[in-house]
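Contents: one structure, followed by commentary.
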Amino acid sequence: MLDYIAPPFLALSIRQLVEAIPNPYQAAAFAFILSLYVYVVVRVAALGYCYADYAIATWLRQRNGRPSAVQYWLGDRIEVVHNYVALAGTLLTLAAVAYEVVAFGVQPREGTFLFQFKTLVLDFIMFLWKA
Amino acid sequence: MALFEGPDSRLPSFRAGFVVVAAGPKGIRSLANGARLTWGERVFGGYNAFYYVDIGVNSYTKSIKCSSKAIGIDFDVVVRLSFTVEEPTRVVQFGLGDPEALFGAPVHRLVADAVSRFTVDQSADAKKAVDIAFKKLAADPAVKVLNATSEVKADAAALPLLRTIAEEGISTMAHQATARLDKARRDEILALLDSPNHLLAQSMITRDPAFREALNYKLTELNSDRQRQIDLLKMLIAEKIIEPHDFEGRYRPLIEAAMATLRGPILPAPEPPVASIAAPPGNRTPD
């Protein structure tokens, strides 16, 4: 997933940065860095759309027009997207921390709920890391 | 006139009787009919102040005390204006939220100029002048005056003063009338004393004892004159100076003067009956 949402040099840099961190903290560090990166990207993109919205609205009003209802609706939706991104990133980081506590601290036996939780989170993080 | 500052850029899009005005370094924009700013305008538009401007019909009442034409006597004028906002952006730009600051000085000047030509007894004309003067009221193009009414009356403190002046005037007029009557009466008495016929007629109707005394004295004097004239005529006839037939042609005025005085002395008037001036039984004092 990292290769799809980040340019190659940035994905490589993130991978190198995370691999330099000692193993018990690698998952949480990766989750935090990935969340921060996605948040920044979403925020900057939203800012760009916001300025485009302002330019279009100003252009319309100077011609004695008014922005369309679609523009109002889209602006109101995009304005709050970064909040959801921040929430998802926080949840991902907390899940990574929980995974590390379970995998390296509790070390549950195979077949228990905690073992399945550890496996699920690890699979999801590896999906984000490699795919 | 309401001019409320809004809390933030996320104002309600519509509020009955109000228009939202967004102001900032880049300009002032009026958002009428439920319009609002887009997200981009809120962020990059530079609007940092938002206002509700009341575009309904507002009223403004002012009580003005201004002097009338008479020094020291004032008019109490109550002015009622109804107005509405035509340019909300201009109201925000120039801070025209206070009707007193907007209308106070022009209304006071107009009213003072209009009523200063009238006295308080011309209140109706003063009111008419005030109503006409309101047609020239120029406050600000952002505000349209719909109606202007006025109530003009004399100052309450001036009413006792006016009453005192009126009472003094009435008193003076009464004194002058009394003086005129006294003078006319004196002139009438003097004319009567010089005219025997009028004197006689007046003596028959008058009941004034002093006046009757004066009349009797005058008549007695006239009677003595008549006796002297008769004696003179007898002497002239006896001495053959004039003939009896000359009386008709040559001494007619003398005869008429003598006959005009052939009246007896005037008797005193009868006393009024005592019973008519007696006190009523209820007010009689005990002996």
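Just so it is clear, the values below take in all heavy atoms, side chains as well, and ignore hydrogens, waters and symmetry mates.
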> Can A:D76 and B:R36 be said to form a salt bridge (Lys or Arg N to Asp or Glu O under 4.0 Å), step by step?
Replying inline: CA-CA 12 Å; A:D76 292 343; B:R36 64 190 181 100; 2.7 Å; yes

> Which is it for B:V91 and B:V21 under the side chain to side chain contact (heavy atoms under 4.5 Å, CB included) test, yes or no, and what are the steps along the way?
Replying inline: CA-CA 9 Å; B:V91 169; B:V21 174; over 6 Å; no

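The salt bridge (Lys or Arg N to Asp or Glu O under 4.0 Å) check on B:R29 picks up nothing, with sequence neighbours excluded. Under the salt bridge (Lys or Arg N to Asp or Glu O under 4.0 Å) criterion, B:K65 pairs with B:D76, B:D155, not counting sequence neighbours.
For chain B, no part of A:L74 is nearby; none of its heavy atoms comes within less than 4.5 Å. Looking at A:I56, neither its backbone nor its side chain comes within 4.5 Å of chain B, counting heavy atoms on both sides.
Within residues 62-71 of chain A, the residues having any heavy atom less than 4.5 Å from a heavy atom of chain B are, in residue-number order, A:R66, A:P67, A:Q71. Proximity to chain B at a heavy-atom threshold of 4.5 Å picks out nothing from residues 25-44 of chain A.
The backbone N or O of B:I73 sits less than 3.5 Å from a side-chain atom of B:S68, completing a donor-acceptor pair. The closest donor-acceptor contact from the side chain of B:K127 to the backbone of B:S150 lies under 3.5 Å. The backbone N or O of A:F115 lies less than 3.5 Å from no partner atom in the side chain of A:R109, so there is not a single donor-acceptor pair.
Residues A:S13 and A:Q16 have side chains that never bring a donor and an acceptor to within less than 3.5 angstrom of each other.
Below 30°, between 30° and 60°, or above 60°: for B:F44 and A:Y54 the angle between ring planes is between 30° and 60°, a tilted geometry.
No more than 12 heavy atoms of other residues, nucleotides or ligands shown are found within 6.0 angstrom of NZ on B:K128.
If you look at B:F83 and B:F103, their ring centroids are closer than 6.0 Å.
Of the residues considered (A:A55, A:A46, A:A52), A:A46 shows the highest number of contacts with chain B, using heavy-atom pairs under 4.5 Å.
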